[in-house]
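Note that ligands are numbered from 1 as they come in the structure, with each ligand's atoms numbered from 1 the same way. Bear in mind that the values here come from a model prediction, so they are computed numbers and not experimental data. Only heavy atoms go into these numbers, but all of them, side chains included; no hydrogens, no water, no symmetry mates.
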Amino acid sequence: MTQTPNGASVAPLIEILEVIWDRHRQDRSGEVATYIPELAKANPEWFGICIATVDGAVYGVGDSDQAFTIQSISKPFAYGMALEHRGPKAMRARVSVEPSGEAFNSISLEQGTGRPLNPMINAGAIAVSSMVRTSLGDSAFDKMLAWFGTFAGRTLSIDDAVYRSESATGHRNRAIAHLLRNFGVVADPVEAGLDLYFRQCSILVNCRDLAILGATLANRGTNPSTGKRALAPDHVDDVLSVMTTCGMYNYAGQWLHEVGLPAKSGVAGGILAVLPGRMGIGVFSPRLDAQGNSVRGIGVCKELSDRFRLHLFDAPRSGRAAVRSQSTLARRQSTRVRPESDAARLRDIGAASHILELQGDLGFATMEVIQRRTCACASRADAVVFDISRVDSADETAAEFFGTLVSHLVGSGKRVVFAGLPPKNPLCRHIVSRCTPTAIYPSLDAALEACEESLLSGLPISAATHDSSCGPIPLSRLDVAQGLDAAALAKLQGYLRQEHFPAGQCLFKKGDGAQHIYFLTGGTVSVRLYTGPSTFQRLATFLAGSVFGEMAVVDRGRRSSDIWAETDVTCLTLSLDDYDRLGAEHPGIKFRLLEYLIRILSSRLRKANEQIAALSG
Ligand code: GLN
């Protein structure tokens, strides 16, 4: 990254945009529009480029803050407003959606009905504004300005001089409006609808606004920066469709071939292009070609589309990334640390529990991949765990599709478990309605733990719980006792102390010096890593029968995390001094103990490696 004069770094994308800006700046062809006298005052050298993404990033170069009038770029947004106020049916009755193949100010009306051919040419846009005016009366313009403001994420105003200039000289538009009145497409008073149209064309924007208006359409009608809904998603489809077929007037066909993005141009020199689901692009340069489109604007959009492969039909194969990782309970387990014998059994019987971590946006394409990957492993599976905590959104079709998949699995005798399911997610409704009882857990860790309990106990997943009511486990039944005879065990017992900790007590804290090894004979403790004063991550949970605190004893370092009693806990503890004394007095027993600790450490390391592999797999 390069540096700005004040030392801040410049994003690589800005550097790329600057190179493109510099190349197209050399192009001085075209003429500034003069038919609206006030527009002739524009500086022909003004030139800005801006990109805004659906997740709120904005990259601008050149004169991207220079204000200019929106002109015809207002038309798709006014159309969206009319759709919202009058509904698609009433709209369609008055304005068609067929490309005219003619200039923006052509008088292209459908034979017989007098309907303008589409809402992107002046005739259609005047009809749209008249409908909005009829619906909203005198407050129409204030509401329209607020409407545009929601798209832009800021308060907008108009250029009064441009408005008056066009209102005084717009004889052709006036003639179009009266012709439309003749066909009954616009209502009286004709002047009021026309006035709203002139005002909407005079709304002041800059390149940055254009890009954000575009990003809001790309983001299914929600402004990415403010999070406010500007337009209903169904209407976004209508708006983008007319932009694609008609937005560039009699250049629309070639534009779709060469750039391939829904777009709209304005005679002040702005061009707005949209890559649905990704970004909005705004370019501003006042010199226009014979079709009334910005020369540099077209050049830049062509280059961006070519270079970054933005053509609509060059859609990325997003479906493949929907399954983030796939694993089984034999390879990937919960953070519960179990006695070695249970852990070994899980490695054996866990292979029939499949885990699919899903991510991103679920729609038809991603669901197709998910059902294929699920069905491929289902023949070998008793249970399938779907972790959907990383799913960003799921449309209704995806939810329906998921419901069918779950029914299919449940119908063929598989248990289906969900992890990370927010209860209000539309996915949840479909799944729950299709296949009760479905086990739903807040996190993957909780879901895996429940599956493990179920496998180990032989009980159904939701019924399996850990039994902690049978009193402390005697030393002879702990894993550490393996390979020690009764006499050796009695000796070892002499070095150990029985201790109790009530639920909620901290046994030791991160950074403490190590004093003891703990053999857990009753209850559960968890390892916590605090990420803030009261927020922590549960790294592991130890069950009765397991050992903890051994690491710091082996390396004599400090504790690497906190240990908290989750329930009332009993332990057999071995102090460091007694551990050393055991070595001096009974080297054979210490040797066995060390062997055991090495086995524990290596199996924990193995588990960590498997989880890392599962995460990157
Ligand atoms: N206000 C302009 C007109 O009606 C808009 C035309 C345009 O931007 N193409 O002439």
Side-chain angles (χ1 to χ4, degrees), residues 30-42 67-79 95 99-109 116-130 132-133 141 144-145 148 158-180 186 190-191 193-205 207 209-210 213 242-243 246-252 255 263-273 282-298:
E31 301 294 336
V32 174
T34 54
Y35 77 100
I36 299 173
E38 197 64 24
L39 290 186
K41 296 184 181 163
F68 56 93
T69 52
I70 189 167
Q71 297 298 338
S72 282
I73 303 170
S74 63
K75 293 171 181 173
F77 300 95
Y79 181 53
V95 183
S100 67
E102 292 183 54
F104 67 90
N105 56 4
S106 67
I107 307 183
S108 312
L109 306 183
L117 284 186
N118 66 66
M120 301 294 101
I121 53 170
N122 289 8
I126 292 169
V128 164
S129 304
S130 297
V132 172
R133 176 67 174 80
F141 183 64
M144 188 179 264
L145 205 54
F148 277 80
I158 70 167
D159 184 325
D160 215 46
V162 173
Y163 157 65
R164 277 188 276 109
S165 177
E166 183 168 19
S167 181
T169 59
H171 305 301
R172 190 179 173 99
N173 284 334
R174 200 157 271 121
I176 291 174
H178 282 279
L179 202 56
L180 291 171
V186 310
V190 178
E191 264 308 317
L194 194 61
D195 186 66
L196 183 61
Y197 172 73
F198 288 145
R199 284 177 194 268
Q200 97 189 26
C201 288
S202 305
I203 293 175
L204 278 170
V205 289
C207 245
D209 295 322
L210 286 190
L213 290 173
V242 288
M243 287 171 73
C246 317
M248 300 301 280
Y249 313 117
N250 40 339
Y251 183 61
W255 170 272
K264 190 71 207 80
S265 63
V267 285
I271 293 189
L272 175 158
V283 189
F284 167 55
S285 170
R287 290 198 193 92
L288 309 180
D289 63 15
Q291 280 95 7
N293 298 322
S294 166
V295 175
R296 288 173 179 165
I298 289 187

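Annotation: atom 10 (O) of ligand 1 to nearest protein heavy atom, Tyr35 OH, 2.4 Å. Scanning the protein for heavy atoms near atom 4 (O) of ligand 1, the closest one is Tyr197 OH, 2.7 Å. Atom 1 (N) of ligand 1 has its closest protein heavy atom at Gln71 OE1, 2.6 Å. Distance from atom 9 (N) of ligand 1 to its nearest protein heavy atom, with residue and atom name: Ser72 OG, 2.8 Å.
Arg287 contributes no side-chain N or O that, together with a main-chain N or O of Val295, makes up a donor-acceptor pair within less than 3.5 Å. Side-chain N or O atoms of Lys75 include none that pairs as donor or acceptor with a backbone N or O of Ala125 at under 3.5 Å.
For Val267, a nitrogen or oxygen atom sits less than 3.5 Å from a nitrogen or oxygen atom of ligand 1, counting backbone and side chain alike. Residue contacts with ligand 1: Asn122 is placed with a nitrogen or oxygen under 3.5 Å of a nitrogen or oxygen of the ligand (distance criterion only). Between Asn173 and ligand 1, an N or O atom pair is found at a separation short of 3.5 Å.
At a 4.0 Å heavy-atom cut-off, ligand 1 does not touch Phe198 at all. At a heavy-atom distance under 4.0 Å, no atom of Arg172 approaches ligand 1. Of all the heavy atoms of Tyr249, the ones lying under 4.0 Å from any atom of ligand 1 belong exclusively to the side chain.
Residue Phe104 has at least one heavy-atom neighbour below 4.0 Å for each of these atoms of ligand 1: 6 (C), 9 (N), 10 (O). When each atom of ligand 1 is checked for a heavy atom of Cys201 under 4.0 Å away, the hits are 1 (N). Taking a cut-off of under 4.0 Å to the non-hydrogen atoms of Gly266, the atoms of ligand 1 that pass are 8 (O). The distance from ligand 1 to the heavy atoms of Glu166 drops below 4.0 Å at these ligand atoms: 1 (N), 2 (C), 3 (C), 4 (O), 10 (O).
Arg133 has its side chain out of reach of Val186: every pair of non-hydrogen atoms, C-beta onward, lies at least 4.5 Å apart. Between Ile298 and Tyr251 the shortest side-chain heavy-atom distance falls below 4.5 Å.
Neither side chain, Asn293 nor Tyr249, offers a donor N or O lying under 3.5 Å from an acceptor on the other. Side-chain contact of Ser165 with Glu38: a donor-acceptor pair under 3.5 Å is absent, judged by distance alone.
In this structure, Phe284 and Phe68 have parallel ring planes: the angle between them is below the 30° cut-off, well short of the 60° mark.
Tyr163 and Phe198 have their aromatic ring centers separated by at least 6.0 angstrom.
Between Arg174 and Glu191 there is a salt bridge, with a side-chain nitrogen of the basic residue lying less than 4.0 Å from a carboxylate oxygen of the acidic one.
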